[in-house]
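FYI, the numbering just counts along the sequence from 1. Source: prediction; values computed, not measured.
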Amino acid sequence: MEHGLVIQYTGMYYIYSSIRFISAKLDTQLKTYTTHVQHISPYDRSNTILLKAEYSGSKTFQESTFTGGVFFLHAGDVIQVCVSDPGVVEISESTYAGLIMLGSDSKNKG
């Protein structure tokens with residue numbers, strides 16, 4: 001079984017992700033931290049990156065990434081949020097991910 005959010009209903013979804021980084025743990029040299037939202041198909045086990053955001057390690061006021069987009073997903077698909085260096089992620093209300101179903105495929109319920 002894959003780790004992530006399993007889609008229950010086929011349809012159009014808005015997927016979003018916001019990752020906040022711990023400034024004290026960021027590399028003081030310029031380093032790029034990558035976050036991406038990945039789609040895994042249960043049918044052929046293929047992985048596709050749907051959304052990607054990068055943050056350079058320069059210490060700035062805003063130390064987070066946000067990305068979002070609309071995608072057609074099938075029941076059984078798995079959505080994962082991945083981070084290149086999980087050790088620098090701040091687990092707080094500023095780090096979140098989710099999706100909203102915008103419409104269903106009434107012809108294909110599954």
Side-chain angles (χ1 to χ4, degrees):
M1 179 175 170
E2 298 291 340
H3 296 286
L5 182 64
V6 179
I7 302 303
Q8 299 298 310
Y9 302 100
T10 298
M12 294 294 291
Y13 289 84
Y14 174 67
I15 302 172
Y16 56 92
S17 166
S18 177
I19 307 295
R20 183 159 178 90
F21 299 98
I22 302 169
S23 60
K25 290 189 175 183
L26 294 177
D27 194 336
T28 55
Q29 298 176 6
L30 283 180
K31 180 177 179 181
T32 301
Y33 299 93
T34 304
T35 65
H36 67 268
V37 176
Q38 176 174 277
H39 165 263
I40 301 170
S41 170
Y43 307 105
D44 60 8
R45 309 307 299 162
S46 65
N47 294 2
T48 305
I49 294 177
L50 300 177
L51 301 165
K52 183 176 180 180
E54 294 184 342
Y55 171 78
S56 67
S58 59
K59 293 186 178 185
T60 62
F61 178 72
Q62 187 73 339
E63 295 158 343
S64 62
T65 63
F66 181 87
T67 187
V70 176
F71 301 92
F72 186 83
L73 302 173
H74 295 277
D77 287 351
V78 177
I79 301 299
Q80 296 178 328
V81 177
C82 304
V83 181
S84 60
D85 186 353
V88 298
V89 174
E90 179 181 307
I91 306 301
S92 70
E93 66 277 351
S94 299
T95 295
Y96 55 87
L99 56 81
I100 300 168
M101 185 177 205
L102 301 175
S104 65
D105 182 2
S106 59
K107 297 176 192 170
N108 182 8
K109 298 219 178 207

Checklist line | Separation of Lys52 NZ from Cys82 SG (nearest 0.5 Å) | finding: 12.0 Å
Next item on the list: Run through Val70, Leu5, Leu73 and flag the one making a side chain to side chain contact (heavy atoms under 4.5 Å, CB included) with Ile15.
Entry: Leu73
Check: Rounded to the nearest 0.5 Å, what separation is found between the CD1 atom of Ile79 and the CD atom of Gln38?
Finding: 9.0 Å
Note to self: If you define the side chain from C-beta out and look only at heavy atoms, does anything of Ser64 sit under 4.5 Å from Ile19?
What the structure shows: no
Next item on the list: List the steps and the verdict of side chain to side chain contact (heavy atoms under 4.5 Å, CB included) for Phe71 and His39.
Entry: CA-CA 10 Å; Phe71 301 92; His39 165 263; over 6 Å; no
Notebook entry, point to check: Which atoms form the tightest heavy-atom contact between Gly76 and Pro42, and what is the distance?
Noted result: O-CG, 3.3 Å
Notebook entry, point to check: Can you get from Val81 to Met101 by hopping between Ile, Leu, Val, Met, Phe, Trp and Tyr side chains that sit under 4.5 Å apart?
Noted result: yes
Next item on the list: First locate atom OG of Ser18, then atom CD of Glu93, and finally report the distance between them rounded to the nearest 0.5 Å.
Entry: 10.5 Å
Checklist line | Check against side chain to side chain contact (heavy atoms under 4.5 Å, CB included), Tyr16 and Ile100 | finding: CA-CA 9 Å; Tyr16 56 92; Ile100 300 168; 4.2 Å; yes
Margin query: For a side chain to side chain contact (heavy atoms under 4.5 Å, CB included) check, start with the C-alpha distance between Asp77 and Tyr43, then their side-chain angles and the critical distance, and finish with the verdict.
Written below: CA-CA 9 Å; Asp77 287 351; Tyr43 307 105; 4.3 Å; yes
Notebook entry, point to check: Among the clusters formed by ILVMFWY side chains lying less than 4.5 Å apart, do Ile91 and Tyr96 turn up in the same one?
Noted result: no
Check: What heavy-atom pair brings Ala53 and Thr67 nearest, and what distance separates the two atoms?
Finding: CB-CB, 4.3 Å
Note to self: Can you classify the ring geometry of Phe72 versus His74 as parallel (below 30°), tilted (30 to 60°) or perpendicular (above 60°)?
What the structure shows: perpendicular
